Structures are given as structure tokens and as C-alpha cells.
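Quick note on labels: first sequence line is chain A, next is B, and so on, each numbered from 1. Bear in mind the structure is a predicted one, so any value in this text is a computation, not a measurement.
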Amino acid sequence: MSENRAIQKMNITKFQQDLVNWYEAEKRDLPWRHERDPYKIWVSEIMLQQTRVDTVIPYFNRFMEQFPTIDALAGADEEDVMKAWEGLGYYSRVRNLQSAVKEVAESYGGIVPEKKEDFLSLKGVGPYTGGAVLSIAYGLPEPAVDGNVMRVISRLLTIWDDIAKPSTRKIFERAVEELMYKENPSSFNQALMELGAIICTPTSPSCLLCPVQNHCQAFEEGVQRELPVKTKKKSDKKVHMGAVVLTTNDGRILIEKRPESGLLANLWQFPNMELPAGTNPRRILESFIETEYGVKAKVNTEKATEITHVFSHLTWNIDVYTGIIEGEVEKKRSKFVKEEEVESFAFSVSHQKIWKYVKGLG
DNA sequence: AACTCGGGGGG
DNA sequence: CCCCCAGAGTT
């Protein structure tokens, strides 16, 4: 094993000291670093999944004001929780989090379980989040391997395995276990991530400023820019969508709630559908409304605007229309709301864009 | 192992 | 334009 050879020639104690001393001196002042409450550490780690620190900070602060304890989140209205997560993406994270927090309240006496097997059994808690919370909140020597850590360790030990493959994470977990600073696992894990975020960055690492340059095999060989190895995923799909903002004659707006599973689950939106190629958008939207809601609608001839929204795995091109609906028949997952009420519901960003545009027309 | 699931910031 | 970010669940 090449990584073992690289570890063998390392002075692990010196590496730990150089890394943790740098971290303690240079670490960023982040809201969750003021907290010891395992619940708050946990929330921060869920928010930080696939999401940058700068994006998370305002969401974390608002979330902690609104749901400061496990009991507060466990007892909260799901609509309020979704609204607090609006715009942060990967919405299953917050539904799983609330579900897991309820489980902690009911089965663990409101105490975040310290036993690895118990904590990892909770919804939304995977290998990374499990290790992160157990090490940061409870000081346990568990690896917390995220994208930063794989990049840092791949360079430190010149590991050439493809980090895009799920099975590769275990290689890095074993390496981190060998390198673990058992006197302070919290600082050690956070230091690896901090180094990846600040110094050991993806395209142009600042090796000349790196506190562990002397320990880095990639720097010694001059191959730091070739690591980590990561195969790129295939290109995404493009979907042509039509959406319509329908107003009743007394000025109320039709909104609907998305299905409980799948893309943007449980978020609110304006009526919309995929437009098959070569169809007339307003005709198809009118018949869609009539079959879906049992009420006739008149969709304006002119397209109001077009909106492009890029997801990680597909792109929506949305033709946006406005129109009039002749009646208010509410179904299970739809509502007619006043204009000033629209923004109190949690919408996907694409439909926030739609509303912002249409509101500006009036 | 491959696919799904959001959104935004930086080079 | 591209990449990728304090990843997890499902199939």
C-alpha cells in the first residue's frame, strides 16, 4: 500500500502538532465554533453537507434562534422548518433532521446519543456526519472524511484512488484513524477540513503557506496539482417546463405543494409541467389546469418570461405564463392565497424567481 | 456501484 | 464555462 509507505516515513506526532497548532492559531470564527451543545453541532454539520460555510452561516443563525433546542425542533410545524431551510437545497436533509431529532427526544431522553452505532442509525446521519459530531461534540477519535479531507490526505500521502468512487472513502478513513490526534480529535478533524478550505484548495493549493508542507508527500514529489484523482460525472439532462401564475378575479393566487418525495419534495410552487417538444404551451397548460383542478383557466398568449434553473443533475428551462382562473376549487395539496401571503410559503428558488418576476409586472 | 437530490461561489 | 462544496439515501 503506497499510503502506508507514506505514513511509515512520517513523524506523526510532529504532523499532529503542526496541524493542530496552526488550526488553533488561524481558525475562522464560525458561529458553531462557539457552541458545545451536540444538537447545535449536529445541525451545523447537516447544513454543511455539500454546502459552503459562507452560505450556511446566516441559515444557521436564524435556525438557532427559531429552533434553539431538540425539543423546539421536534415540536415545530414542518411548514415552518421547511421555510427556515428555503433556498439551502437538498431538502431531505431537514426532513431527516427533524425526524431524527424526534427520535432522540422519544428514544434517547433528548440526549444526542454518544454511542456510534446509535447516532449513525439516525436519519440523515452518515459516516461523515457521524464522525464529525462524535468527535467535535464528544471528543471521540472518529474520522470525519469529507471532500476537504480526501483532498488533503490524498496529497499528504499521495493516494491516487478515484475519490469519486464511494468505496474510496474507506481508504481515507483508515488513514485518518492512523493519523488521529487522540488528545484532541475535535481540533484534529476540524483542522484537516480547515486546511482543505483555506490552504489545500482544489485547483491551486497554497503550499508555501502550508503548516504541514514538510510532511506532504505530494509537495515533495511536486504532484500536488494532480491530486486528488476525481473522475467527472456525465453531463446533465435538460427539461423544458411550462409554469403559470393564475389569479382569480378577486386577486388570489393558485399555489400547490410538490409531492412528498423526489425533487424539491414538499416545497410549494406554481402549477407547472414538462412541455413535450412541439406542443402549444398555453393550450397544454389550460388543459392541465382543467383536468388537475376541474376549473377552466385562460392563459395569456404572450409568454411572461423564461427562467433557466440549473440543478446538480438537470437543467430546467421554464416558460412562464400568467392567466386567469375561473373559480377556486382547492384540492389536497393546493391553495388560493393573497399576493402578500405567497412569500410565507417555502418555495424552490426557481419558483421564487418566477414570483419575483410576475410580482414586478403588477 | 450508480443514481438522485439544490444551490451558489470561485477560477 | 467548469468545478465542487464539512454527503446521505435509494435502487
When the ring centroid of A/Trp85 is compared with that of A/Tyr59, is the distance short of 6.0 Å? no
Considering residues at least two apart in sequence or located in another chain, which fulfil the side chain to side chain contact (heavy atoms under 4.5 Å, CB included) criterion with A/Asp77? A/Glu79, A/Asp80
Not counting sequence neighbours, which residues clear ring pair (Phe, Tyr, Trp, His ring centres under 6.0 Å) with A/Phe119? List them please. A/Trp42
Just to verify, what does A/Lys356 make a salt bridge (charged side-chain N to carboxylate O under 4.0 Å, His left out) with, not counting sequence neighbours? none
Want to know the stems of DNA chain B: at least 3 consecutive Watson-Crick or G-U pairs with distances under 3.5 Å, which are they? B:1-5 with C:7-11, B:7-11 with C:1-5
Sorted by first residue and then second, give each salt bridge (charged side-chain N to carboxylate O under 4.0 Å, His left out) pair with at least one member in residues 14-28 of chain A; sequence neighbours left out. A/Lys14-A/Asp18, A/Glu24-A/Lys27, A/Arg28-A/Glu194
P-based separation of B/dT4 from C/dA6 [nearest Å]: 24 Å
Decide whether A/Asn272 and A/Arg258 meet the rule of one side-chain donor and one side-chain acceptor closer than 3.5 Å. no
Is the closest basic N to carboxylate O distance between A/Lys9 and A/Glu220 below 4.0 Å? yes
Could you identify which residues of residues 80-91 of chain A place a heavy atom less than 4.0 Å from some atom of DNA chain B, listed by residue number, or say none? A/Gly87, A/Leu88, A/Gly89, A/Tyr90, A/Tyr91
Near-strand residues of residues 26-61 of chain A, defined as heavy-atom separation under 4.0 angstrom from DNA chain B: A/Gln50, A/Thr51, A/Arg52
Which part of the nucleic acid, if any, lies within reach of A/Ser204 when heavy atoms closer than 4.0 Å are counted: base, sugar-phosphate only, or nothing? nothing
Once you apply a heavy-atom cut-off of 4.0 Å, does A/Ser312 come out as touching a base, just sugar-phosphate, or nothing? base
Any base atoms under 4.0 Å from A/Lys232, or only sugar-phosphate, or nothing? Heavy atoms, all strands. sugar-phosphate
With a 3.5 Å cut-off and sequence neighbours excluded, list the donor-acceptor pairs that the side chains of residues 102-114 of chain A form with protein atoms.
{"from": "A/Glu103", "atom 1": "OE2", "to": "A/Ser107", "atom 2": "OG", "distance (Å)": "3.4"}

d(NE2, A/His351; C1', B/dG7) in whole Å: 15 Å
Hydrophobic cluster of A/Ile284, others only, ordered by chain and residue number, side-chain cut-off 4.5 Å: A/Val244, A/Leu246, A/Leu254, A/Met273, A/Leu275, A/Leu285, A/Phe288, A/Ile289, A/Tyr293, A/Val295, A/Val299, A/Tyr321, A/Ile325, A/Val329, A/Phe336
Give one of base, sugar-phosphate or nothing for A/Arg95, where a contact means two heavy atoms less than 4.0 Å apart. nothing
Charged N to carboxylate O under 4.0 angstrom, A/Lys296 versus A/Glu290? yes
Taking any atom closer than 4.0 angstrom to a non-hydrogen atom of chain A, what span of DNA chain C does the protein reach, first nucleotide to last? C/dC3 to C/dG9
Are A/Glu326 and A/Asn249 linked by a side-chain donor-acceptor pair shorter than 3.5 Å? no
Lys/Arg N to Asp/Glu carboxylate O, A/Arg174 vs A/Glu177, below 4.0 Å: no
What residues, two or more places apart in sequence or in another chain, satisfy side chain to side chain contact (heavy atoms under 4.5 Å, CB included) together with A/Ile12? A/Ile7, A/Met10, A/Gln16, A/Leu179
Min side-chain heavy-atom separation A/Pro38-A/Tyr138 under 4.5 Å: yes
Nearest-Å distance, CZ (A/Arg169) to P (B/dA1)? 12 Å
Under a 4.0 Å heavy-atom cut-off, which of residues 177-189 of chain A touch DNA chain C? none
Ionic contact status for A/Glu343 with A/Lys359, cut-off 4.0 Å: yes
A/Phe347 ring center near A/Trp355 ring center (under 6.0 Å): no
Below 4.0 Å: OP1/OP2 of B/dC5 and any side-chain N or O of A/His313: yes
On DNA chain B, does the nearest nucleotide to A/Ser167 precede the nearest nucleotide to A/Gly262 from the 5' side, or the other way round? Give the residue. A/Ser167
